[in-house]
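Quick caveat, the model's predicted, so the values are computed rather than measured. What's counted below: heavy atoms across the whole structure, side chains too, no hydrogens, waters or symmetry copies. Ligands are counted one by one from 1 in listed order, and the atoms in each one are counted from 1 as well.
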Amino acid sequence: MSRPKRSEEDLVYPGHLGCPGCGATIAMKLALRVLGDRTVIIIPASCWGIIAGPYPQSSLKVPVLHAAFAAGGAVSSGVRAALDMKGDHETTVVAWAGDGGTFDIGFQSLSGAVERNEDILYVCYDNEAYMNTGVQRSSATPYGSRTTTTPGSNWKATRKKNIVEALAAHRIPYAATASIAFPEDLMRKFQTAKEMRGGSRFIHLYATCPTGWGVASELSVKIARMAVQSNVFPLYEVRDGIRYTLNFEGRLPVGPYLEPQRRFKHLSEPDVKHIQAMVDEDWERLRQKADTNGRG
Ligand SMILES: Cc1ncc(C[n+]2csc(CCOP(=O)(O)OP(=O)(O)O)c2C)c(N)n1
Ligand SMILES: [Mg+2]
């Protein structure tokens with residue numbers, strides 16, 4: 001396997017508007033190292049709409065197009081069509097959306113875009129809530145989490161939506177998960193997605209939010225690493241919606257992952273056991289899919 005080609009230059013300026021330890025900002029830096037400067041980024045309303053800076057300023061050295069909250073998939077499709085009409089088939093069109101803009105309000109336009117098999121890379125940086133507007137729950141918020149709309153004893157008691165499975169059901173050519181704590185794996189996946197032209201690619205990117213989750217900013221990458229090591233956020237790829245490849249097998253229990261995060265502080269021992277059982281069940285299902293690898 002060839003190592004990802006890296007841009008010599010960092011395509012994110014210092015002085016961006018992200019919080020200290022923002023996983024989504026680390027993610028953008030790593031992604032652009034591979035995507036390079038022939039990239040257009042489409043950003044629906046989200047924290048990244050702020051981090052990129054107000055026009056005419058920008059924290060990115062590539063063109064940015066801000067889109068309405070629901071419109072990431074549709075606007076990206078339009079940008080691709082416009083570039084194609086200009087004869088530019090080289091530039092990579094990247095939608096860069098939060099979990100609210102992907103799992104919830106943006107889902108119909110994402111579904112439409114990938115069903116048409118648009119030649120775009122859609123990245124969902126998942127910080128597991130509507131962070132830009134004050135930490136409201138989304139359908140990406142995990143079971144057990146407190147948010148400002150699931151406060152106190154009303155913490156979220158439903159599972160996180162499995163977005164990669166939803167994309168796989170569209171038979172999308174390439175869907176993968178990635179984490180800021182596994183940069184080589186992340187950059188390899190962006191390289192794969194960049195080179196795989198002619199159809200839709202989707203990357204579900206785990207992005208710690210120290211502000212919304214109540215963790216110290218210096219723990220951002222460590223928390224992300226523990227999410228993978230405990231199989232809370234498995235690293236895997238799905239080709240054509242059916243061929244599964246697992247990239248890492250976690251062996252840690254979920255307790256040390258949940259414990260440092262204020263959003264999970266209220267959980268009792270039986271709650272943690274229940275989360276462990278759900279994680280184990282999901283991991284087993286995923287492993288079986290990887291074992292059958294398209295035959296099932
Ligand atoms: C139609 C519409 N409803 C609500 C908003 C307000 N709004 C802007 S960003 C945002 C939250 C975005 O959440 P997410 O997509 O998870 O990105 P994050 O802020 O977490 O990075 C909301 C609700 C909006 N811009 N447009
Ligand atoms: Mg979010």
Working for salt bridge (charged side-chain N to carboxylate O under 4.0 Å, His left out), residues K289 and E165
CA-CA 11 Å; K289 282 184 183 155; E165 284 303 302; 2.7 Å; yes
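- Within the 4.0 Å heavy-atom criterion, the part of N127 lying near ligand 1 is the side chain and not the backbone.
- Closest to atom 25 (N) of ligand 1 among all protein heavy atoms lies A45 CB, 3.5 Å.
- Geometrically, ligand 1 and I105 share no nitrogen or oxygen pair separated by less than 3.5 Å.
- For atom 17 (O) of ligand 1, the closest non-hydrogen atom on the protein side is S46 CB, 3.4 Å.
- Put simply, the side chain of T208 never gets that close to the backbone of P210: no donor and acceptor are under 3.5 Å apart.
- Among Y125, Y130, F103, F69, the residue whose heavy atom lies nearest to atom 21 (O) of ligand 1 is Y125.
- Atom CG of N117 and atom OG of S77 lie 10.5 Å apart (nearest 0.5 Å).
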What donor-acceptor contacts under 3.5 angstrom involve side-chain atoms of residues 215-235, with partners at least two apart or in another chain?
residue: S220; atom: OG; partner: G21; partner atom: O; Å: 2.6
residue: S230; atom: OG; partner: M226; partner atom: O; Å: 2.7
residue: S230; atom: OG; partner: A227; partner atom: O; Å: 3.3
residue: N231; atom: OD1; partner: G250; partner atom: N; Å: 3.0
residue: N231; atom: ND2; partner: G250; partner atom: O; Å: 3.2

In sequence, state the C-alpha distance, the side-chain angles, and the governing distance for D37 and K61, and then conclude on salt bridge (charged side-chain N to carboxylate O under 4.0 Å, His left out).
CA-CA 7 Å; D37 57 4; K61 298 184 192 174; over 6 Å; no
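- Nearest protein heavy-atom contact of atom 15 (O) of ligand 1 is G101 N, 2.9 Å.
- The pair E237-R243 does not count as a salt bridge, with every side-chain nitrogen at least 4.0 angstrom from each carboxylate oxygen.
- Contacts of R262 classified as salt bridge (charged side-chain N to carboxylate O under 4.0 Å, His left out), with partners at least two apart in sequence or in another chain: none.
- Panel detail: the Mg ion (ligand 2) has protein N, O or S atoms under 2.8 Å away, 3 in number.
- Using a cut-off of 4.0 Å between Lys/Arg side-chain N and Asp/Glu carboxylate O, R285 and E281 are scored as salt-bridged.
- The closest protein non-hydrogen atom to atom 14 (P) of ligand 1 is G100 N, 3.4 Å.
- Protein heavy atom closest to atom 19 (O) of ligand 1, with residue, atom name and distance, is N132 N, 2.8 Å.
- Side-chain contact, T133 with Q136: a donor N or O sits under 3.5 Å from an acceptor N or O.
- No side-chain N or O of D291 forms a donor-acceptor pair with one of Y244 less than 3.5 Å apart.
- Given atom 18 (P) of ligand 1, the protein heavy atom at minimum distance is C47 N, 3.5 Å.
- By the 3.5 Å distance cut-off applied to N or O atoms, T133 is not counted among the residues near ligand 1.
- Ligand 1 lies within reach of A129, whose nearest heavy atom is under 4.0 Å from it.
- The side-chain contact (heavy atoms from CB on, under 4.5 Å) test applied to S46 returns I43, W48, Y125, not counting sequence neighbours.
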